[in-house]
Amino acid sequence: MTLELTSTQEQRLQNLAEHAGRSPNELVQEEMDRFLAYEEDMLKAVQRGDEDIVAGRVLEHSEVVARIERLLQTR
């Protein structure tokens, strides 16, 4: 797989790599791992939300607002 960067992106990456004492490839690999982990976590969260909806584990908006208001009053 290849990734095409703009010249500006490439220069910024090179500057960061030099500052960090690492190669641009290392920085990109590390950031890609973070990005993929984040996206996987988000997908799992959406799937859990969908399961909650199907199972009826949801609250009406008015109930959420009422609970928040109660919490704020007890502070």
Side-chain angles (χ1 to χ4, degrees):
M1 172 180 280
T2 59
L3 173 66
E4 291 185 33
L5 300 175
T6 66
S7 59
T8 301
Q9 290 171 324
E10 192 171 339
Q11 186 59 54
R12 290 171 65 197
L13 178 59
Q14 186 64 42
N15 290 343
L16 287 171
E18 288 173 12
H19 186 264
R22 300 173 64 199
S23 74
N25 190 59
E26 287 176 308
L27 293 180
V28 171
Q29 292 282 334
E30 185 178 297
E31 190 56 37
M32 183 55 67
D33 283 339
R34 277 195 290 266
F35 168 76
L36 292 171
Y38 174 82
E39 291 296 320
E40 290 165 344
D41 288 346
M42 289 300 294
L43 179 60
K44 288 176 189 174
V46 169
Q47 289 171 336
R48 284 191 307 269
D50 288 344
E51 291 167 3
D52 285 341
I53 290 169
V54 170
R57 296 184 299 260
V58 294
L59 296 172
E60 293 292 326
H61 180 265
S62 58
E63 177 58 27
V64 173
V65 170
R67 288 183 181 195
I68 291 171
E69 287 174 351
R70 284 193 299 272
L71 284 171
L72 292 174
Q73 290 173 357
T74 62
R75 288 184 162 220

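Numbers here simply count residues along the sequence, with the first being 1. Predicted model only: the values in this text are computed from it and were never measured.
In this structure, R34 pairs ionically with E31, as a charged nitrogen and a carboxylate oxygen lie closer than 4.0 Å.
Each of F35 and V28 belongs to its own hydrophobic cluster when Ile, Leu, Val, Met, Phe, Trp and Tyr are linked at side-chain heavy-atom distances under 4.5 angstrom. L3 and L16 end up in the same hydrophobic cluster when Ile, Leu, Val, Met, Phe, Trp and Tyr side chains are linked at under 4.5 Å. If you chain together hydrophobic residues whose side chains sit under 4.5 Å apart, L72 and V64 fall into the same group.
Considering CD of E39 and CG of L36, their distance stands at 8.0 Å, rounded to 0.5 Å. The CD atom of E51 sits 7.0 Å away from atom CD of Q47, with the distance rounded to the nearest 0.5 Å. The OG atom of S7 sits 11.5 Å away from atom CZ of R12, with the distance rounded to the nearest 0.5 Å. Taking CD1 of I68 as the start and CD of E63 as the end, the distance is 10.5 Å to the nearest 0.5 Å.
The shortest distance between side-chain heavy atoms of D50 and V54 does not fall below 4.5 Å.
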(request) Walk me through it: do E18 and Q14 pass the test side-chain hydrogen bond (donor to acceptor under 3.5 Å, both in side chains)? (result) CA-CA 6 Å; E18 288 173 12; Q14 186 64 42; 3.2 Å; yes
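Side-chain polar atoms of Q29 and D33 form no donor-acceptor pair below 3.5 angstrom. At a cut-off of 3.5 Å, with distance as the only test, no side-chain donor of E69 or Q73 sits close to an acceptor on the other residue.
Summarising the geometry of R22 relative to E30, their closest heavy-atom pair is NH2-OE1, 2.8 Å, with the distance given to 0.1 Å. Summarising the geometry of A17 relative to P24, their closest heavy-atom pair is CB-N, 3.6 Å, with the distance given to 0.1 Å. The nearest pair of heavy atoms linking L5 to L13 is CD1-CD2, 3.9 Å.
Although no hydrogens or angles enter the test, the distance criterion places a donor-acceptor pair under 3.5 Å between the side chain of E26 and the main chain of S23.
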